[in-house]
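For reference, the structure discussed in these notes is given below.
Proteins come first, then strands; the chains are lettered A, B, ... in the order of their sequence lines, and each starts at number 1.
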Amino acid sequence: MLLTRLADVSREVAATAARSRKIALLAELFRDAEPDDVPIVIPYLAGRLPQGRLGVGWKALGQSVPPADGPTLTVREVDARLTELGEVSGPGSQAERARLVAALMGAATAGEQRFLLGLITGEVRQGALDALAAEGLAQATGAPPADVRRAVMLAGSLQAVAQALLAQGPAALDRFRLTVGRPVLPMLAHSASSVAEAVGKLGACAVEEKLDGIRVQVHRDGDVVRVYTRTLDDITDRLPEVTRAALGLAGRRFVLDGEVIAFDDTGRPRSFQETAGRVGSRVDVATAAEAVPVSPVFFDALSVDDRDLLDLPFAERHAELARLVPEPMRVRRALAAGPDDVPAMEGFLAGTLARGHEGVVVKALDAPYSAGRRGASWLKVKPVHTLDLVVLAAEWGHGRRTGKLSNLHLGARTADGGFAMLGKTFKGMTDALLLWQTERLRDLAVEEHGWGVTVRPELVVEIAYDGLQRSTRYPAGVTLRFARVLRYREDKRPEEADTVETLLAAHPEVAR
DNA sequence: TTCCGACAGTGGGGTCGCAAT
DNA sequence: ATTGCGACCCCACTATCGGAA
């Protein structure tokens, strides 16, 4: 199959808003793909590369190359060239990669170049990714969409399911079962603004400590343990403590879901930055493990002794977990029967925060494990802080925000009467607000840059954030975590904005 | 008819490790 | 030694479509 066909379909998919039409377009193309094209065409039209990481980004794609006159590239040839590209390493590799990219781009037409650029940078912007590709695959093969989705969750990848489905038909889906040693997409949580709201929605539920660490899925098959991240990367070698812990448990075959986190000598959780740095260290693991030991803490069991627990209610899965995993290696929890228990659950949340954790996750006791979905049966509740900050600058947006000032630079007042930048945010704005702030900030602009404008520090904006963290990038030595806009405060003057001093006083554990 | 779940898009900060300067 | 970049951890929020209620 020619690449130009994919580029055309991708453009057509991008041009339609109707999901049903996007799915139909994808299905039509999948049907036309030759068997050898399938493992490439499917991920390409899901907006991804089958190679995953390539080591090539915006910079390597930098200079534009004159496009070819006519389409000659086949999908398989492109894939072969990109595989070669991904395998280049060692000194001089950057120049070599740039040369290979230029050669590939030179063989592509203008339309193909745009498509390739989107694929490599992960910004296809066609309004269809894995989920719609899975729907298209179902339509192309006549398999029930729900069965395809489930197979994708269990396989952890669309490609494997696509290949089996297109080669053997819908019957192949039965082969995708929960298997020890093969990771499944983890269940995710929605947000709720309070414990009362969460308990009100879910009824009988468990309220569990939310640890600020790295999500892990731990598989043990006899003496073999494997540890996977949320995106199913294998990080076993970086976490010897987790392997030891899993081997110390009574069961010999199981799949557990949990979090890995570093505690200090007093048993309080270390900052997310410290845990993430440890888990990210892969060269000298022994030294890193000595400096920052981590502990696994589990909250769910997906499989025990070859019994697939995914469809069981959470209450039953947790009973299995409790049989297998002793108390300190399980997440702390409290049970609520209904709204009458809200005060007790609020007390549990307060205790959790006092112990230094992020918040709680409220989980319906009767819900199955919805692998890969942000099921409504898990609701996280975290305290939200707010600040009144001053807009110092704004950056031009991309994609659907092109032409609008989008990303705000936020400043707090300093002792000398100036402002210290604390970070940026682009979150929380409606389209109307985006339009308004673009006008307003243009009026306040004192300098135009390629990336945006700096403005007179006059506009006060109320910002919500999850916490403060240390920073080497910003002048106050701290930055906001997950900052988002709540509303503009035109009733406030910049002299009334919050100061760095009060911010630090509100987070003594970070300011220390 | 209205409501709401699922998706895609738009980016944020940090850390590690590699290659280039 | 330092800097720039890519990959991958954590993530919030809005707009939209289309099925459920």
Nearest non-hydrogen partners of [X] and [Y], listed with the distance:
| X | Y | value |
| --- | --- | --- |
| Ala143(A) | Leu165(A) | CB-CD1, 4.1 Å |
| Val500(A) | Ala420(A) | CG2-CB, 4.0 Å |
| Met329(A) | Ala245(A) | SD-CB, 4.0 Å |

What is the distance, to the nearest angstrom, from the [atom1] atom on [X] to the [atom2] atom on [N]?
| X | N | atom1 | atom2 | result |
| --- | --- | --- | --- | --- |
| Asp466(A) | dG12(B) | CG | C1' | 12 Å |
| Leu405(A) | dT10(B) | CG | P | 16 Å |
| Asn407(A) | dG9(B) | CG | P | 19 Å |
| Lys424(A) | dG14(B) | NZ | P | 11 Å |
| Gln126(A) | dG9(B) | CD | P | 7 Å |
| Leu468(A) | dC10(C) | CG | C1' | 16 Å |
| Arg484(A) | dC10(C) | CZ | C1' | 13 Å |
| Trp378(A) | dG5(B) | CH2 | P | 18 Å |

Any [X] side-chain N or O less than 4.0 Å from OP1/OP2 of [N]:
| X | N | result |
| --- | --- | --- |
| Arg125(A) | dT10(B) | yes |
| Thr231(A) | dC9(C) | yes |
| Arg473(A) | dG14(B) | yes |
| Lys380(A) | dA12(C) | yes |
| Thr229(A) | dC9(C) | yes |
| Arg481(A) | dC11(C) | no |
| Ser191(A) | dC13(C) | no |
| Ser471(A) | dG14(B) | yes |

[X] side-chain proximity, nearest of [options]:
| X | options | result |
| --- | --- | --- |
| Arg230(A) | dC10(C), dC9(C), dC7(B) | dC10(C) |
| Arg215(A) | dT15(B), dC10(C), dT14(C) | dC10(C) |
| Arg19(A) | dG18(C), dC10(C), dA12(C) | dG18(C) |
| Lys210(A) | dG11(B), dC11(C), dG13(B) | dC11(C) |
| Phe272(A) | dC7(B), dA12(C), dG13(B) | dG13(B) |

Under 4.0 Å, counting only non-hydrogen atoms across every strand here, what does [X] touch: a base, just sugar-phosphate, or nothing?
| X | answer |
| --- | --- |
| Asp212(A) | nothing |
| Thr479(A) | sugar-phosphate |
| Thr275(A) | nothing |
| Ala464(A) | nothing |
| Lys201(A) | nothing |
| Glu123(A) | nothing |
| Lys382(A) | sugar-phosphate |

Do the charged groups of Arg150(A) and Asp311(A) touch, with an N to O distance under 4.0 Å?
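A salt bridge links Arg150(A) with Asp311(A).
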Does this structure show an ion pair linking Asp257(A) with Arg215(A), if we count only N-O contacts that are shorter than 4.0 Å?
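Salt bridge: yes.
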Ring geometry between Phe263(A) and His357(A) (parallel below 30°, tilted from 30 to 60°, perpendicular above 60°):
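Because their plane-to-plane angle is over 60°, the rings of His357(A) and Phe263(A) count as perpendicular.
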Do His190(A) and Lys380(A) come within less than 4.5 Å of each other through their side chains, counting heavy atoms only?
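The answer is no; the side chains never approach within 4.5 Å.
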Counting C-beta onward and ignoring hydrogens, is there a side-chain heavy-atom pair between Leu389(A) and Glu462(A) closer than 4.5 Å?
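Contact flag for Leu389(A)/Glu462(A) side chains = no.
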Determine whether the aromatic ring centres of His507(A) and Tyr465(A) lie less than 6.0 Å apart.
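For His507(A) and Tyr465(A), the ring centres are under 6.0 Å apart.
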Compute the ring centroids of His398(A) and Trp451(A), then answer whether they are less than 6.0 Å apart.
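No, ring centres 6.0 Å or more apart.
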Tell me which of Leu132(A) and Tyr474(A) sits closer to the 5' end of DNA chain B, going by the nucleotide each one is nearest to.
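That would be Leu132(A).
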His398(A) vs Val478(A), nearer the 5' end of DNA chain B by closest nucleotide
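Checking each residue's closest nucleotide, the 5'-ward one belongs to His398(A).
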Let me spell it out: for each of Ile214(A) and Arg21(A), pick the nucleotide of DNA chain C with the closest heavy atom. Which residue's pick is nearer the 5' end?
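Upstream on the strand: Ile214(A).
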Ignoring hydrogens and angles, does a donor from either the side chain of Arg400(A) or the base of dT10(B) sit under 3.5 Å from an acceptor on the other?
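It does not, because no donor-acceptor pair links the side chain of Arg400(A) to the base of dT10(B) below 3.5 Å.
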Under the criterion side-chain hydrogen bond (donor to acceptor under 3.5 Å, both in side chains), which of Arg333(A), Arg330(A), Arg355(A) is the partner of Glu209(A)?
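Among Arg333(A), Arg330(A), Arg355(A), the one that satisfies the side-chain hydrogen bond (donor to acceptor under 3.5 Å, both in side chains) with Glu209(A) is Arg355(A).
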CZ-OG1 distance between Arg413(A) and Thr499(A), expressed to the nearest 0.5 angstrom
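Arg413(A) atom CZ to Thr499(A) atom OG1 measures 6.0 Å (nearest 0.5 Å).
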Taking the axis from the first five pairs and the axis from the last five, what angle separates them in the helix from dA8(B)-dT14(C) to dT21(B)-dA1(C), rounded to 10 degrees?
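Its terminal axes enclose an angle near 20°.
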Heavy-atom contacts, protein to nucleotides 16-21 of chain B, under 4.0 Å, summarised as B (base), S (sugar-phosphate only) or - (none) per nt, yield SS-SS-
